[in-house]
Amino acid sequence: MSIETDKTTPQHDVDVATPLESRIARKGQLPRWGTAAALAGAAVIIGGALAATGAFSIGLFVFLTVVLFAVGLYAISRAVEGGRKAADRVVTIVVTSAFLLALIPLISVVWTVLSNGVARFDAEFFSSSMRGVVGEGGGGYHAIMGTLIITALAAAMSIPVGLLTAVYLVEYGVGTRLARSITFFVDVMTGIPSIVAGLFAYALFALFAGPGVRLGFAGAVALSVLMIPVVVRATEEMLKIVPNELREAAFALGVPKWRTILKVVIPTSIAGIASGITLAIARVIGETAPLLIAVGITTGLNFNPFDGRQATLPVFAYYSYAAPGVPRDPYVDRAWTAALVLIVIVMVLNLAARLIARLFAPKNR
Amino acid sequence: MSTDTSPGPAPAKAPAPPSTRPVVQPGDRIFAGSATGAGILILVVLAGVAAFLLIEAAPAFVAPAADIPGGNGIVAYIWPLVFGTLLAAVIALLIATPLAVCVALFITHFAPRRIAQPLGYLIDLLAAVPSIVYGLWGVAVLAPASVELMTWLQDYLGWIPLFAGPVSATGRTMLVVGVTLAVMILPIITAVSREVFLQTPKLHEEAALALGATRWEMIKMAVLPFGRSGIISGAMLGLGRALGETMAVAIILSVSGAVTFNLISSGNPSTIAANIALQFPESTGIEVNTLIASGLVLFLITLAVNSLARFIINRRREFSGAN
């Protein structure tokens with residue numbers, strides 16, 4: 001019975017004669033519906049009070065209800081069940097409401113972008129550029145193509161480098177000083193602010209092409225600086241969890257190391273690697289700052305990343321909102337639609353990553 | 001077997017003593033070589049980042065003070081930006097860390113087991129939203145919505161210098177930036193804390209419960225002490241992200257360049273990253289060098305913060321994975 005012994009509910013006279021179950025039942029405990037009842041009660045009281053004062057707002061209502069709910073439940077529970085259980089209940093409320101609070105921005109962001117962006121989410125947005133457009137009409141076709149081209153270039157540079165580096169770290173360089181320093185500097189790279197990556201790409205290309213250079217390819221370089229460490233990390237984690245028995249079995253059969261890696265290790269972990277790479281693409285496709293610095297913006301279509309400025313979705317959204325023309329509304333509408341397209345792309349990539357991980361996961365494990 | 005030295009068909013290799021060196025095939029050489037090369041390339045790229053930034057920033061450090069934008073030299077130009085960067089990041093951290101710990105606890109220990117993982121994905125989605133979208137959301141939704149709250153803060157807590165006011169009518173204040181950044185770094189801190197909380201030895205948790213601890217007492221006794229370093233390092237990683245965040249700040253904050261702790265007025269210090277994004281497209285000559293110099297300072301600050309975080313994480317990393 002030491003479990004229930006507590007400073008606030010002393011149990012000095014334990015009645016040995018009564019059966020155990022009835023003794024437990026006699027311990028104070030709120031009924032199962034107690035929590036729900038307390039919440040409903042708090043809502044009614046606060047709702048009534050706010051309605052009476054005439055200062056009703058949803059935010060205030062929810063906030064005060066939760067506060068009263070927590071305080072009230074604590075008081076009741078402390079009286080009935082004792083201080084320890086009361087504290088437990090309050091923590092449950094706090095933690096749960098923290099989680100719900102964290103969901104509010106997510107819902108609000110998605111809702112805002114959807115409701116504002118759907119107005120121009122039409123065929124014209126996906127088929128025309130901004131060349132010669134003033135005011136109504138126009139679209140983000142040039143920006144969508146720019147984003148796809150630059151991201152594809154960045155991926156084409158980052159994926160081989162990232163994959164091979166991870167293979168080196170896990171298969172070849174275990175314990176060497178080079179591997180340790182690569183691990184450390186990959187961590188450092190993970191923390192590079194995206195704008196610094198943009199400055200780096202600009203500084204690099206300005207050295208060769210003179211100051212004021214803006215290139216789609218420079219943007220791709222900046223993005224791959226951000227993408228490589230993500231690919232390395234994800235791949236490394238996946239290669240590490242391939243069981244060593246598989247490698248040893250292959251070696252025992254006389255398979256050379258490189259074939260073991262290509263035919264055994266990587267196929268085993270391909271699902272995780274593919275999903276990690278997809279997440280890395282999702283991360284860089286929404287980057288604005290480096291592209292703002294290194295690629296700039298243009299109104300027309302430009303399919304050549306080695307020739308001058310290109311428009312990209314995030315930068316297009318930024319300029320449409322921050323530097324609109326007159327009248328302002330069509331520009332802001334286009335900014336929201338660009339944001340919506342971006343969010344859809346990112347969410348689809350995230351979903352794809354989860355699906356890949358689930359569908360291609362190695363069986364029988 | 002092309003590395004075999006015996007020329008032509010040599011059926012018997014009896015005289016050669018059995019070599020202890022493994023057979024190395026050309027495929028192995030190529031593969032190992034390219035893997036090592038990729039690793040070295042990363043080191044080269046990072047060295048390149050530092051080198052090119054230094055080269056392009058150097059003119060700003062040696063230029064006469066009057067040439068730097070503002071006319072008072074490089075330190076006077078960068079200092080308010082550093083202040084603004086730190087202020088915004090610290091506000092974000094103070095808001096996000098407790099919230100993230102609670103969310104991580106909810107997902108690992110309070111939510112029904114079956115829906116815990118989908119809930120985790122939901123929080124991860126917060127990290128997937130591009131920063132430009134947070135910027136638009138912050139300026140279009142959060143800023144106007146928070147004017148009322150900030151007015152209340154000024155009326156009742158105005159004696160604290162943080163809330164001295166006068167309240168910005170548009171809501172584009174440091175406080176709103178801090179809240180937006182907090183939303184953006186919440187998923188990182190949550191993810192790291194969640195990982196660590198899940199690693200808490202089951203035996204410790206069960207022992208606490210078996211001794212009659214309530215769930216909160218179990219968390220206090222077993223989970224939080226075990227996860228403390230994880231929380232700290234997650235917070236540091238979040239801090240690093242908040243320091244470098246650009247677009248949200250650039251869009252939301254209304255800037256005057258003043259160094260002030262007043263969080264709710266319309267005169268705010270800018271941050272390094274936002275200042276670069278706003279000024280860079282229209283800059284030429286020494287202005288570009290100055291901006292790159294400020295980027296270098298930002299790089300060093302985030303480098304220090306991230307290294308500290310990694311140091312804390314690595315100190316307690318468990319032996320894991322293959323080998």
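Labels below follow one simple rule: chain letters A, B, ... track the order of the sequence lines, proteins then strands, and each chain is numbered from 1.
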message = Heavy-atom pairs under 4.5 Å with chain B - which of Leu349(A), Val221(A), Leu204(A), Leu207(A) has more of them than the others?
response =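 Most heavy-atom pairs under 4.5 Å with chain B: Leu204(A).
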message = Which one wins on heavy-atom pair count under 4.5 Å against chain B: Ile343(A), Leu340(A), Ile293(A), Leu342(A)?
response =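 If we count pairs closer than 4.5 Å to chain B, Ile293(A) comes out on top.
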Sequence-distant partners of Ser77(A), side-chain hydrogen bond (donor to acceptor under 3.5 Å, both in side chains), two or more places apart =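 So Ser77(A) forms a side-chain hydrogen bond (donor to acceptor under 3.5 Å, both in side chains) with Glu81(A).
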ask   = Does some side-chain heavy atom of Leu292(A) sit less than 4.5 Å from a side-chain heavy atom of Met247(B)?
value =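 In contact.
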4.5 Å side-chain heavy-atom contact, Leu199(A) and Phe280(B) =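 Yes, side chains in contact.
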Taking side chain as everything from C-beta outward and backbone as N, CA, C, O, which of these in [X] sits under 4.5 Å from a heavy atom of chain B? Side chain, backbone, both or neither.
X	value
Leu101(A)	side chain
Leu103(A)	side chain
Tyr321(A)	side chain
Ile228(A)	side chain
Asn350(A)	side chain
Leu178(A)	side chain
Tyr172(A)	side chain
Val161(A)	both
Arg214(A)	side chain
Ser181(A)	both
Arg354(A)	side chain
Val225(A)	side chain
Leu262(A)	side chain
Pro105(A)	both

Select one option (side chain, backbone, both, neither) describing which atoms of [X] are under 4.5 Å from chain A's heavy atoms.
X	answer
Ile276(B)	both
Val49(B)	both
Leu46(B)	side chain
Leu149(B)	neither
Val288(B)	side chain
Thr214(B)	both

Show the nearest heavy-atom pair for residues [X] and [Y], with the distance to one decimal.
X	Y	result
Met189(A)	Val45(B)	CE-CG1, 4.1 Å
Ile123(B)	Ala102(A)	CD1-CB, 4.1 Å
Ala203(A)	Glu56(B)	CB-CG, 3.3 Å
Gly244(B)	Pro193(A)	CA-CB, 3.7 Å

message = Heavy-atom count check: over 12 atoms from other residues, nucleotides or ligands less than 6.0 Å from Glu248(A) CD?
response =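 Yes, CD of Glu248(A) has more than 12 neighbouring heavy atoms, counting only those of other groups under 6.0 Å.
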query = Has Phe63(A) got more than 12 heavy atoms of other residues, nucleotides or ligands less than 6.0 Å from its CZ?
reply =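 No, the 6.0 Å shell around CZ holds no more than 12 heavy atoms from other groups.
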key: Toward chain A: residues of residues 30-42 of chain B with heavy atoms under 4.5 Å   =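 If one takes a 4.5 Å heavy-atom cut-off, the residues of residues 30-42 of chain B near chain A are Phe31(B), Ala32(B), Ser34(B), Ala35(B), Thr36(B), Ala38(B), Gly39(B), Ile40(B), Leu41(B), Ile42(B).
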query = Which residues, numbered in order, of residues 129-142 of chain B come under 4.5 angstrom of chain A by heavy-atom distance?
reply =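 Result: Val129(B), Pro130(B), Ser131(B), Ile132(B), Val133(B), Tyr134(B), Leu136(B), Trp137(B), Val139(B), Ala140(B), Val141(B).
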inquiry  = Please enumerate all residues that pass side chain to side chain contact (heavy atoms under 4.5 Å, CB included) together with Ile297(A), with sequence neighbours excluded.
reply    =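 If we apply the side chain to side chain contact (heavy atoms under 4.5 Å, CB included) test to Ile297(A), skipping adjacent residues, the hits are Ala311(A), Val315(A), Phe316(A), Tyr319(A).
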Output the option from [options] having the highest count of non-hydrogen pairs under 4.5 Å with chain A.
options	result
Ala128(B), Gly27(B), Ala104(B)	Gly27(B)
Ile55(B), Ile292(B), Leu125(B)	Leu125(B)
Leu186(B), Leu296(B), Leu298(B), Val305(B)	Leu298(B)
Arg241(B), His109(B), Lys220(B), Glu217(B)	Glu217(B)
Leu105(B), Leu303(B), Leu122(B)	Leu122(B)

key: Pair Phe110(B) and Phe99(A), ring centroids less than 6.0 Å apart   =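 No.
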key: Check: Trp258(A) main-chain N/O paired with Asp28(B) side-chain donor or acceptor under 3.5 Å   =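 It does hold such a pair.
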inquiry  = Measuring from atom OH of Tyr318(A) to atom OG1 of Thr246(B), what distance do you get when rounded to the nearest 0.5 angstrom?
reply    =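 Taking OH in Tyr318(A) and OG1 in Thr246(B), the distance rounds to 10.5 Å.
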message = So, applying side-chain contact (heavy atoms from CB on, under 4.5 Å) with Trp216(B), which one of Val90(A), Val91(A), Thr92(A) is it?
response =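 Exactly one option meets the side-chain contact (heavy atoms from CB on, under 4.5 Å) with Trp216(B), and it is Val91(A).
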